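All remarks here apply to the structure that follows.
All figures in this text were calculated on a predicted structure; none of them were measured in a lab.
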Amino acid sequence: MTDVAAASSHSASASDSDIHLRIAGSALSSAGQVESLSDFNRWLVACGEENYTHVEKVPLADLERWHIEPETGNIGHDSGKFFTVEGLDVQLPEAAVSSWTQPIINQPEVGILGILVKEFHGVLHCLMQAKVEPGNFNGVQLSPTVQATKSNYTKVHQGKSVPYLEYFRDRSRPHRVIADVRQSEQGSWFHQKRNRNIIIEVFEDVELLEGFCWLTIGQVHELLAVEDLINMDARTVLSCLPFAGAQLPEVSGDGFRASLVRSCGEEFGSAHSTGEVLTWITDARTRYDVDARRIPLNQVRNWCRSDELIWHESGAFFNVIGVNVKAGGREVAQWMQPMIEPLGIGVVAVLVKRINGVLHALMHTRVEPGYLDVIELAPTVQCTPENYDLLPSAARPPFLDEVLGADPAAIRYETVLSEEGGRFYHARNRYLVVETEREISPEEHPDYRWLSLGQLAELLRHSHYVNIQARSLIACMHSLWSPQTAYA
C-alpha cells in the first residue's frame with residue numbers, strides 16, 4: 001500500500017518530464033493525455049468557455065425564492081435550506097474593539113470538500129475540477145474533485161447530481177482515507193460554518209468526466225503561484241496532505257528550502273513542543289471571554305439597509321448584495337442569492353524564520369466571532385489594511401507594517417488568491433510568506449508562537465485548530481519545496 005507521505009513528497013517534486021497530465025475530453029490527444037502545464041492552460045481556457053457565469057447585481061428585495069422575514073429582517077431561502085443572513089452581537093471585553101454588531105451568514109450544513117488521489121506510473125495525482133462560482137473574480141478556477149453543500153448534493157435546487165460524490169459517501173468502495181476532518185471557514189463572515197475536508201486514495205479505474213483533470217501535486221503547487229486560479233476549497237483540502245521531508249535527500253544545508261523540508265518532518269528542532277503549543281492554545285481559549293449571539297438582522301447597529309443592499313455606515317468592511325446568476329456547466333442554469341461583498345483586497349501573511357535549521361511560521365491565536373471554539377491559529381497577519389484607518393490604533397495588527405514594508409528579497413511567496421466564490425463576491429487576499437530574522441518573544445507577544453509545518457500538519461488532523469486562511473498559506477508553503485517553485 002502506498003506510503004502517502006512519501007508519495008506526496010515524490011509527486012510534489014515531479015516535473016512535467018516525469019508524468020503524463022490526464023485531461024478529459026482534450027482535443028490535444030485522443031487518449032486524453034498531454035505532457036505539460038501549457039497544455040493544461042489551453043484546456044482550462046476551453047473549460048472556461050463551457051463553464052461560465054453571468055452575474056448581475058440585483059436588489060435584495062427582488063431575489064426570487066428568497067424572502068425577508070417581516071419580524072427579524074433576516075434573509076432566508078423559501079426551502080428553509082442553503083443559508084440565512086442574520087445579525088450577530090459580539091462582546092469581547094479584552095479587545096481594542098470590545099463590542100460590535102454585524103450581518104453574518106448562518107449555514108449550519110456541513111458540506112463536503114474532497115479530492116481523489118491515485119497513482120499513475122508511480123506518481124500520485126489529484127483529480128481536480130475546473131469550476132466556476134458566481135463570486136469568482138476571474139471565472140473558472142481549479143477546485144477539489146467534490147465541492148458541495150448538503151443542500152447541493154441532496155438536490156434541494158432540483159439540479160444535476162454531483163460528480164464523484166459516491167467516492168466520499170460510499171465507504172464500501174475499495175479505497176483508502178488519507179484525511180477526513182471537519183474544518184471551519186471564515187469566522188468573520190460565517191457563524192460556526194464547517195466543511196468536511198476529505199482526501200481519498202483510489203485503486204480502481206476512475207472514469208474521467210468532462211471538466212476534470214489529473215494533476216501531480218508538483219503541478220498543483222506550480223499553479224498556486226498563479227493569481228486567482230486554485231480556489232479556496234482546493235487549498236484547504238491540499239493543506240491536509242501529509243508530506244515526508246526525508247523523501248527529498250538531495251536537499252541539504254541551511255538554505256531556505258532545506259529548512260522548509262525539515263520543517264515538514266519530526267518534532268525535533270521545533271521551538272516549542274507540541275504539548276506546549278496545545279497548552280498555549282487552550283490557555284488562549286480560556287483567557288478570552290467571547291459572547292457572540294445571533295440577533296435579528298434588523299437589530300444590527302451602525303449598518304444601513306435599503307431594498308438594494310446592506311452596508312456599514314462608514315462605507316468600509318463589506319456589503320450584503322443580491323445577485324442574479326446565469327450559468328453554464330453547473331448543476332443549475334439560473335438562480336438568485338444574497339452574497340457578502342468585501343471592500344478592498346486583504347492581506348494574509350506569515351512571517352517565517354529558520355530556528356535550529358528548521359523553518360518555523362509565526363502563528364497567531366486569533367479570535368473571530370463565528371468560530372465554534374473561541375480562537376483558531378491564524379497567520380501572523382490577516383486583515384484588510386484600510387479597515388484599520390477607522391479603528392483604534394491599538395487594534396492595528398502588530399506585524400502589519402513589517403509585512404507591508406518587507407524587503408522584496410525576504411518575500412518567499414506572494415500572489416493574490418480568491419476566497420470562496422459561492423457566498424462571497426470578488427473576495428480576494430494577497431497571500432505572503434516573508435522570511436525574517438527578528439526575535440519575537442512570547443513575553444512581548446503572548447498571542448504569537450513559532451510553529452514548524454510538521455506541528456501544523458499534526459494540528460490539521462483535528463478540527464478547529466487552524467483557520468481557513470492559515471490552511472491556504474500552509475498549502476502555499478508546501479508548494480515552495482517543489483523544485484519548480486522553491487527558493488534556494
Side-chain angles (χ1 to χ4, degrees), residues 92 94-95 179 181-190 192-195 197 232 235-243 260 263-264 267 270-288 290 292 346-353 355 358-383 397-400 403 413 419 429 431-434 436 440-442 444-478:
L92 184 55
E94 299 89 349
V181 60
R182 295 202 304 180
Q183 298 288 13
S184 66
E185 300 214 355
Q186 286 85 350
S188 294
W189 297 335
F190 279 122
Q192 300 182 359
K193 175 73 170 67
R194 291 154 290 163
N195 274 322
N197 289 225
M232 183 197 80
R235 300 192 304 266
T236 179
V237 182
L238 289 167
S239 73
C240 299
L241 266 171
F243 284 84
L260 173 63
S263 184
C264 296
E267 187 175 324
S270 299
H272 307 280
S273 71
T274 297
E276 290 171 338
V277 170
L278 290 172
T279 296
W280 169 61
I281 294 170
T282 302
D283 178 66
R285 286 175 171 170
T286 305
R287 185 170 70 253
Y288 285 104
V290 182
V347 173
V348 177
V350 63
L351 292 178
V352 296
K353 182 178 180 179
I355 302 174
V358 175
L359 195 72
H360 286 66
L362 187 63
M363 305 303 293
H364 176 210
T365 49
R366 179 181 173 91
V367 178
E368 292 189 9
Y371 286 157
L372 189 67
D373 197 0
V374 185
I375 69 102
E376 294 189 13
L377 291 186
T380 316
V381 172
Q382 175 189 317
C383 70
F399 302 98
L400 175 58
V403 165
Y413 177 93
E419 303 308 320
N429 281 308
Y431 280 84
L432 291 152
V433 177
V434 179
T436 184
I440 299 170
S441 69
E444 183 183 3
H445 295 284
D447 294 332
Y448 294 82
R449 290 288 189 281
W450 294 107
L451 274 69
S452 71
L453 288 185
Q455 290 176 315
L456 291 170
E458 180 63 26
L459 291 173
L460 278 170
R461 295 176 56 200
H462 308 279
S463 301
H464 312 137
Y465 276 109
V466 183
N467 79 356
I468 184 72
Q469 291 86 353
R471 297 198 300 275
S472 282
L473 266 177
I474 288 168
C476 296
M477 284 192 286
H478 280 150

Side chain to side chain contact (heavy atoms under 4.5 Å, CB included), that's the test. Do Ile375 and Asp447 meet it? Break it down for me. CA-CA 11 Å; Ile375 69 102; Asp447 294 332; over 6 Å; no
Intermediate values then yes/no, side chain to side chain contact (heavy atoms under 4.5 Å, CB included), Leu432 and Val348: CA-CA 6 Å; Leu432 291 152; Val348 177; over 6 Å; no
Run the side chain to side chain contact (heavy atoms under 4.5 Å, CB included) check on His478 and Leu241 step by step: do they pass? CA-CA 10 Å; His478 280 150; Leu241 266 171; over 6 Å; no
Check the pair Arg449, Gln455 against side chain to side chain contact (heavy atoms under 4.5 Å, CB included), reporting the backbone distance first and the verdict last. CA-CA 12 Å; Arg449 290 288 189 281; Gln455 290 176 315; over 6 Å; no
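With sequence neighbours left out, Arg471 forms a salt bridge (Lys or Arg N to Asp or Glu O under 4.0 Å) with no residue at all.
Of all heavy-atom pairs between Glu276 and His272, the closest is OE1-CA, 3.3 Å. For the pair Arg287 and Glu94, the tightest heavy-atom approach, listed with the atom from each and the gap, is O-OE2, 3.3 Å. The heavy-atom pair separating Thr380 from Leu351 by the smallest distance is OG1-N, 2.9 Å.
Using a 4.5 Å heavy-atom cutoff, the side chains of Tyr448 and Pro398 are in contact. In this structure the side chain of Gln183 reaches within 4.5 angstrom of the side chain of Leu460, judged on heavy atoms.
Less than 6.0 angstrom separates the ring centroid of His445 from the ring centroid of Phe399.
Side-chain contact check for Glu376 and Ser184: at least one donor-acceptor pair (N or O, by modelled atom type) lies under 3.5 Å.
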